[in-house]
A.B. asks: 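Before I ask anything, let me first share the structure, which is written out below as structure tokens.
Everything quoted here is computed from the prediction, not taken from an experiment. Per chain, numbering begins at 1; letters A, B, ... match sequence-line order. Below, all heavy atoms of this structure are taken into account, side chains as well, without hydrogens, waters or symmetry copies.
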Amino acid sequence: MIEDPTEWQEDDVNNHDIAIHLQEIASLLEISDASVFRVRAFRRAAEAVEGYPESVVSAAVAQMLTHIEGVGASIAADITSFVERQSSETWDELAQEVPPTLLAVLELRGLGPKKVAAIWRELGVVDVEGLRQAVEQGKVAAMRGFSAKSEEKLKAEIERLGRMQGRTLLWRARAIATSLKRALEALPAVQRVAIAGSTRRWSETVGDLDLLATTSGEPRRIMESFVELEAVGEVLSNGPTKTTVRLRNGMRCDLRVVDDGFWGSALHHFTGSKFHHIELRALAKERGLKISEYGVVDAVTEEFLAGAEEVDVYAALGLPLIPPELREGHGEVSAALAGQLPELVTGKDIRGDLHMHTTASDGTASIEEMARACREKGHEYICISDHSQAVTIANGLTPQRLLAHAEDIRRVDAAIDGIRVFTGCEVDILRDGTLDIPNDVLASLDFVVASIHSGFHMSAQEMTERLLAAIESGVVDAIGHPRGRRLGQREAYEMDFDAILKAALAHDVALEVNASPVRLDLDGVHCRRAVEMGAKLVVSSDAHSVRGLEVLPFGVAMARRGWVTRASVVNALPLAEFCARYDGSRGARTP
DNA sequence: GCCGTTTTCGGCCCGACTGTTTTCAGTCG
Ligand SMILES: Nc1nc2c(ncn2[C@H]2C[C@H](O)[C@@H](COP(=O)(O)OP(=O)(O)OP(=O)(O)O)O2)c(=O)[nH]1
Ligand SMILES: [Mg+2]
Ligand SMILES: [Mg+2]
Ligand SMILES: [Zn+2]
């Protein structure tokens, strides 16, 4: 138990680290042949920790861990222990029995817990290097369950291990998936094609692509054509209804083909997530039904009841359709049961874009070019928000340049028809929490975004105070990319997110949902917490070019993944209402 | 290990592909 909260440094451990620890326990348990349900309990808890919007370390200190779904007394003790000393009783005991270096061996495709246990117990292999040697000496092929062929595959997998690519950013996954979808649609006998899996759920990163196609004819015919596609490299597994390939670009892709009559249930199955399925299928089971990709059927007679369209699957359980973005096993099934699903914000609800750059700082288009492009997109209003002077590499604006820039923006606004162009700035929040532009200058602008672009290395407490100072400044309308994470490059900075939310609510400051593909910040998990606390959001492109304006749907997706409704989104306000709140200086507004 | 508008004990989602398993386990989705 943690006695004194000052004893630990919360920067040391984050939610992801804890989730990894629980996943590793699950894997070691599998190798030691523990109950599959015990293993699943650890994996479910890991998933819940990963998706927990607040610091799990804080929850541990407050002894609130068992409030996390799937975390009971035992796993709570493991987490608390991990927070204190980066390990736990369960892990320590397991590590006595099973060498943790086997976890890397388990990463190899085709080697699951049973086979890893076999090569460990029978050959004494404890790590990848040991396995490489055993393979070279031909020891593996001689074992039961292996062969010369499987040994060759293993050899190739070990070679690949070094250059395995991780998860792919959502925007790239969607681009690749879309072109594959088109290629499949062009094949004869294909009826419908859908992008499924984590890509359809708009997960911020994607492990592999999952595509569904339906046919009136022989699924095998589609598979034959699929593996011949230009984009396809190696075929990893190839059955009549499911094929797995590695694309030439390195991504893996699964194609599932079923009869068109199963379109709905197959799409539902292949969209996931796994945890959504476990919950929904358990519910069906309680009601004497069974859900699979082949429909909702009577558990006893197997009589087909529903599955032509996705909505039918849910309807068979008396539920409304749950949008793909919510299907993460994070309470959406109970919410649907209670009739409490939110009416999610949509792209159509978005009336304007309030964060974009021009040639005045590091953008490539003029004010007018951005305004015209946004008018084309149907926006009613935009705000030009160039960088402030601290961001020297982005040619950030001094107060003088900013005032002149604001005049330019007003001139464009006066000259252009069909869209309002508001004055703004993306002002830096300096290390001490002050803003990079004097308050009176900022107060003369319509909409001010305040962001952090440097000085990330500080304690959670310092970072929280820094952000709070900006929120309380009285001249800021939104916090830009609030958590500062860049996918694959930088973790979010540590902070007391709830404290930020409370202050944002109190001072009427919105939190940005930055749609830039490497940011996606806030993400779904934190959007959900934000609106739960009553805070407002603003979904912005942060475009640095006309093309950059196209990313807005990714921001909308994060909001949707966060259970966000239109009412919580500032730029879902129609122009008149937006004007009533923001036109003119912030000072004129009562908080 | 977790959990409860049927349960504090007894359940826990369901199916495709691979390979050597001669009747299905292991791995993966
Ligand atoms: N019922 C059931 N369905 C599963 C299971 N595992 C995967 N699926 C379904 C739902 C998944 O969304 C879909 C594709 O599987 P993937 O492994 O590709 O997962 P997903 O795309 O969700 O995430 P990813 O980004 O690829 O890691 O297959 C499972 O254990 N049970
Ligand atoms: Mg996938
Ligand atoms: Mg997949
Ligand atoms: Zn920025």
A.B. asks: Of all the choices, B:dG19, B:dA16, B:dC17, which nucleotide is nearest to the side chain of A:K153 once you look at every atom?
C.D. replies: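 Comparing B:dG19, B:dA16, B:dC17 against the side chain of A:K153, the answer is B:dG19.
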
A.B. asks: Using atom CZ of A:R256 as one end and atom P of B:dG15 as the other, report the distance to the nearest whole Å.
C.D. replies: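 Spelled out: CZ on A:R256 to P on B:dG15 is 10 Å.
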
A.B. asks: Please give the distance between the C1' atoms of B:dT8 and B:dC3 as a whole number of Å.
C.D. replies: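 That atom pair is separated by 9 Å.
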
A.B. asks: Round to the nearest Å and state the distance from A:F146 atom CZ to B:dG19 atom C1'.
C.D. replies: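 The answer, rounded to whole Å, is 12 Å.
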
A.B. asks: Among B:dG29, B:dG26, B:dC14, which is the nearest nucleotide to the side chain of A:K115?
C.D. replies: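 So the nucleotide nearest the side chain must be B:dG26.
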
A.B. asks: A:D210 has an atom CG; how far is it from atom C1' of B:dA16, in whole Å?
C.D. replies: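 Checked: the CG to C1' distance equals 14 Å.
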
A.B. asks: Given B:dG1, B:dG29, B:dG19, identify the nucleotide with an atom nearest to the side chain of A:D254.
C.D. replies: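 Taking heavy atoms from C-beta onward, the closest nucleotide is B:dG29.
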
A.B. asks: Among B:dG1, B:dT27, B:dG29, find the nucleotide with the atom closest to the side chain of A:R252.
C.D. replies: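 Of the options given, the side chain of A:R252 lies nearest B:dG29.
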
A.B. asks: Give a yes or no on whether a salt bridge exists between A:R486 and A:E491, defined as a side-chain N under 4.0 angstrom from a carboxylate O.
C.D. replies: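 No, this pair does not count.
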
A.B. asks: Taking OP1 and OP2 of B:dA25, is either one under 4.0 Å from a side-chain nitrogen or oxygen of A:K114?
C.D. replies: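 No.
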
A.B. asks: Using whole Å, report how far CZ of A:F37 lies from P of B:dG11.
C.D. replies: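 Nearest whole value for this atom pair: 10 Å.
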
A.B. asks: Send over the distance from A:F270 CZ to B:dC17 C1', rounded to a whole Å.
C.D. replies: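 From A:F270 CZ to B:dC17 C1': 13 Å.
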
A.B. asks: Which is it for A:F554 and A:W171 under the ring-ring contact (aromatic ring centres under 6.0 Å, His included) test, yes or no, and what are the steps along the way?
C.D. replies: CA-CA 8 Å; A:F554 291 85; A:W171 70 274; 8.2 Å; no

A.B. asks: What's the gap between B:dG1 and B:dT6 when it is taken at their P atoms, as a whole Å value?
C.D. replies: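 Roughly 28 Å separates the two P atoms.
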
A.B. asks: By nearest atom, which of the nucleotides B:dG29, B:dC17, B:dC2 is closest to the A:S74 side chain?
C.D. replies: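 Taking heavy atoms from C-beta onward, the closest nucleotide is B:dC2.
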
A.B. asks: Quick check for you: among B:dA16, B:dG19, B:dT6, whose closest atom lies nearest to any side-chain atom of A:E286?
C.D. replies: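 From the listed options, B:dT6 comes nearest.
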
A.B. asks: At 4.0 Å (heavy atoms only), tell me whether A:L280 reaches a base, stays on the sugar-phosphate, or touches nothing.
C.D. replies: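 No contact.
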
A.B. asks: Which one, B:dT20, B:dG29, B:dG19, comes nearest to the side chain of A:S147?
C.D. replies: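 Given the options B:dT20, B:dG29, B:dG19, the side chain of A:S147 is closest to B:dT20.
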
A.B. asks: When the nearest nucleotide of DNA chain B is assigned to A:L108 and to A:L236 on a heavy-atom basis, which residue is associated with the more 5' position?
C.D. replies: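 Going by which nucleotide is closer to the 5' end, it is A:L236.
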
A.B. asks: For atom CZ of A:R246, is the number of surrounding heavy atoms from other residues, nucleotides or ligands below 6.0 Å larger than 12?
C.D. replies: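 Result for CZ/A:R246: enclosed.
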
A.B. asks: Can you tell me how far C1' of B:dC28 sits from NE2 of A:H269, to the nearest Å?
C.D. replies: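 Distance, rounded to whole Å: 11 Å.
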
A.B. asks: With rounding to whole Å, what would you report as the distance between B:dT20 and B:dG26 at their C1' atoms?
C.D. replies: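 Nearest-Å result for B:dT20 against B:dG26 at atom C1': 13 Å.
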
A.B. asks: Can you label the angle between the A:Y294 ring and the A:F262 ring as parallel, tilted or perpendicular, going by 30° and 60°?
C.D. replies: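 Ring orientation of A:Y294 relative to A:F262: perpendicular.
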
A.B. asks: For B:dG11 and A:K285 - does any side-chain N or O of the residue sit under 4.0 Å from the phosphate oxygens OP1/OP2?
C.D. replies: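 So the side chain of A:K285 is outside the cut-off, no N or O lying under 4.0 Å from OP1 or OP2 of B:dG11.
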
A.B. asks: A:T214 versus A:V190: any side-chain heavy-atom pair under 4.5 Å?
C.D. replies: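 Side chain of A:T214 against side chain of A:V190, heavy atoms only: no contact under 4.5 Å found.
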
A.B. asks: Regarding A:E279, tell me which of base, sugar-phosphate or nothing describes its non-hydrogen contacts under 4.0 Å with the strands shown.
C.D. replies: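 No contact.
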
A.B. asks: Between B:dC17 and B:dC12, how far apart are the C1' atoms? Round to whole Å, please.
C.D. replies: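 Going atom to atom, C1' in each nucleotide, I get 25 Å.
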
A.B. asks: Using the side-chain heavy atoms of A:A41, tell me which of these nucleotides is nearest: B:dT27, B:dT18, B:dG1.
C.D. replies: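 Among the listed nucleotides, the one closest to the side chain of A:A41 is B:dG1.
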
A.B. asks: Compute both the distance and the angle, then confirm whether A:R529 meets the cation-pi test with A:W563: under 6.0 Å from the six-membered ring centre, within 45 degrees of the axis.
C.D. replies: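 No, A:R529 does not sit over the ring of A:W563.
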
A.B. asks: Can you check the A:K274 NZ to B:dC12 P distance for me, whole Å?
C.D. replies: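 Rounded to whole Å, this separation is 16 Å.
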
A.B. asks: Students often get this wrong, so: under 4.0 angstrom with heavy atoms, is A:V36 touching a base, only sugar-phosphate, or nothing?
C.D. replies: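 No contact.
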
A.B. asks: Please name the nucleotide paired to B:dT8 by Watson-Crick or G-U wobble geometry with both distances under 3.5 Å, or report none.
C.D. replies: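 Pair assignment: B:dT8 / none.
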
A.B. asks: So do A:F42 and A:L29 actually touch side chain to side chain, heavy atoms under 4.5 Å?
C.D. replies: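 In contact.
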
A.B. asks: So, does A:T241 get its side chain near the phosphate of B:dC17, meaning an N or O under 4.0 Å from OP1 or OP2?
C.D. replies: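 Affirmative; the distance criterion is met.
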
A.B. asks: Roughly, in whole Å, what's the span from CD in A:E47 to P in B:dC12?
C.D. replies: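 Value for this atom pair: 21 Å.
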
A.B. asks: Which residue, A:S237 or A:I75, contacts DNA chain B at a nucleotide closer to its 5' end, judged by nearest heavy atom?
C.D. replies: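 Counting from the 5' end, the first nearest nucleotide belongs to A:I75.
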
A.B. asks: Which of these nucleotides, B:dC2, B:dT18, B:dT27, is closest to any side-chain atom of A:N238?
C.D. replies: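 It is B:dT18.
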
A.B. asks: Looking only at the side chain of A:R44 (C-beta and beyond, no hydrogens), which of the listed nucleotides B:dG15, B:dG19, B:dC3 gets closest?
C.D. replies: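 Of the options given, the side chain of A:R44 lies nearest B:dC3.
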
